[in-house]
S.K.: 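Pasting in a structure now, in structure tokens, and then I'll have a few things to ask.
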Amino acid sequence: MNKQALEDIAQAMLADGQGILAADESTGTIKKRFDSIDTVSTEESRRDYREMLFRATQAMQENISGVILYDETIRQKAADGTPLTQLMVEAGAVPGIKVDTGAKDLAGHAGEMVTEGLDGLRERLAEYHDLGARFAKWRAVLNITDTNPSAACLTANTHALARYAALCQEAGIVPIVEPEVIMDGGHSVERCYEVTSAALTALYEQLDNQGVHLEGSILKPNMIVSGTTNANQAGIDQVAEMTLDCFHKCVPTAVPGIVFLSGGQSDELATAHLDAMNKIGNLPWKLSFSYGRALQAAPLKAWGGKAENVPAAQAAFAHRAKMNGLATLGQWDASLEG
Ligand code: 13P
């Protein structure tokens, strides 16, 4: 393992005022997104949409440090034949790749999932490295009920995350480890805190067991928020304080950066929460974003599947990227949303 090379990649991904664009929707998920704008999902329309994002020069150069791709996209070329990965490299963003093969039902545990994809992963990582990937993502899915996630679910998922992370580092690829505690449900913010703490504690035990070099890894967590159907929604300051309190207790200071998922939060709330945490500051890790929906909802809608809307879609993307870039510095304000 070349520790210095891994640390250098992680630092580039955590550049000041920048964050990660999660554009790694599976074919099934991107179809759902395209359905919402009445656009047929084909290999070409998916390429056109993502090319539009990666050619949004202002957003990509100023506020995006890395892009998570799906297997199809890392192999695709722009309409003019330029590899899509080259577009992001030219804009100064690191190409990354989603390598898990999805969350499947966990045997014997109704309502719980385990993320798969370890079989053949060493070989796939070598190929992705050849294709230009310098970081990867693996997402575990943890649903909250009064009794779930079970210990079995936490152990299975965090063990897989650690095996994945070790294989990534062997291949010269920085692992983003993502134990996503899902927002859906009627649970309280305190219950989200409890489950997220348990997940992060289990994760860092497993990463330690597998000898993962934390300085060459990045955490992608949920924020500590109230369940979506809980009547008592925690406010922005409470979310920020509880999230930071949880991380101070559970995330080793050797971890260089934490990049949040948006998880179904509205665009502006995802920005406001990140900003509130960075305004508190005094943190041992960089705190940034790795948003999918909270970066793409606005440009997706503006694009609407039409080539003539590309400039408007790129402007919408640039705005969200800029707002989130400011939030990584604790310099966002609602008045900037216009
Ligand atoms: P969202 O920001 O839409 O939650 O997606 C981030 C992601 O990559 C989930 O794995």
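Just so we're clear, the structure is a prediction, and the values are computed from it rather than from any experiment. In each ligand, atom 1 is the first atom listed, and ligand 1 is the first ligand listed.
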S.K.: Purely on distance, is any nitrogen or oxygen of Gly263 under 3.5 Å from one on ligand 1?
M.R.: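 There is such a contact, yes.
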
S.K.: Within ligand 1, which atoms have a heavy atom of Arg293 less than 4.0 Å away?
M.R.: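 Answer, ordered by atom number: 1 (P), 2 (O), 3 (O), 4 (O).
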
S.K.: Is a salt bridge present between Glu215 and Lys3, judged by a nitrogen-to-oxygen distance below 4.0 Å?
M.R.: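 Lys3 and Glu215: not salt-bridged.
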
S.K.: Under a 3.5 Å threshold, yes or no: a donor from one side chain and an acceptor from the other, between Ser150 and Glu112?
M.R.: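 Yes - a donor-acceptor pair under 3.5 Å links their side chains.
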
S.K.: Name the residue from Arg50, Arg139, Arg293 that meets the salt bridge (charged side-chain N to carboxylate O under 4.0 Å, His left out) definition with Glu25.
M.R.: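 Only one of Arg50, Arg139, Arg293 forms a salt bridge (charged side-chain N to carboxylate O under 4.0 Å, His left out) with Glu25, namely Arg50.
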
S.K.: Considering only heavy atoms, which of Glu25, Glu178, Lys98, Gln296 lies nearest to atom 9 (C) of ligand 1?
M.R.: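 Of the listed residues, Glu178 has the closest heavy atom.
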
S.K.: So, regarding Gly292 and ligand 1 (criterion: nitrogen or oxygen to nitrogen or oxygen, under 3.5 Å), is there a contact or not?
M.R.: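 Looking only at distances, the answer is yes, because the N/O contact criterion of under 3.5 Å is met.
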
S.K.: Does any N or O of ligand 1 fall below 3.5 Å from an N or O anywhere on Tyr291, backbone included?
M.R.: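 Tyr291 vs ligand 1: no N/O contact under 3.5 Å.
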
S.K.: Is the ring centre of Trp332 less than 6.0 Å from the ring centre of His273?
M.R.: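 Between His273 and Trp332, which both carry aromatic rings, the centre distance is not below 6.0 Å.
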
S.K.: Taking atom NZ of Lys77 as the centre, does the number of heavy atoms from other residues, nucleotides or ligands within less than 6.0 Å exceed 12?
M.R.: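 It does not: Lys77 NZ has 12 such atoms or fewer within range.
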
S.K.: Got more than 12 heavy atoms from elsewhere within 6.0 Å of CD, Glu44?
M.R.: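 Counting other residues, nucleotides and ligands, CD of Glu44 stays at 12 neighbours or fewer.
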
S.K.: Atom 10 (O) of ligand 1: which of Met183, Gln265, Lys137 has the nearest heavy atom?
M.R.: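 Shortest heavy-atom distance from atom 10 (O) of ligand 1: Lys137.
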
S.K.: Is it true that Ser290 lies under 4.0 Å from ligand 1, counting heavy atoms only?
M.R.: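 The answer is yes: ligand 1 sits under 4.0 Å from a heavy atom of Ser290.
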
S.K.: On a heavy-atom basis, I'd like to know which of Arg33, Arg139, Lys220 is closest to atom 7 (C) of ligand 1.
M.R.: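 Residue with the shortest heavy-atom distance to the ligand atom: Lys220.
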
S.K.: So which bit of Ser262 gets within less than 4.0 Å of ligand 1, heavy atoms only: side chain, backbone, both or neither?
M.R.: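 The answer is both, backbone and side chain.
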
S.K.: Please determine which of Ile182, Val239, Asn222 meets the side-chain contact (heavy atoms from CB on, under 4.5 Å) test together with Cys192.
M.R.: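 Of the listed options, the one satisfying the test is Asn222.
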
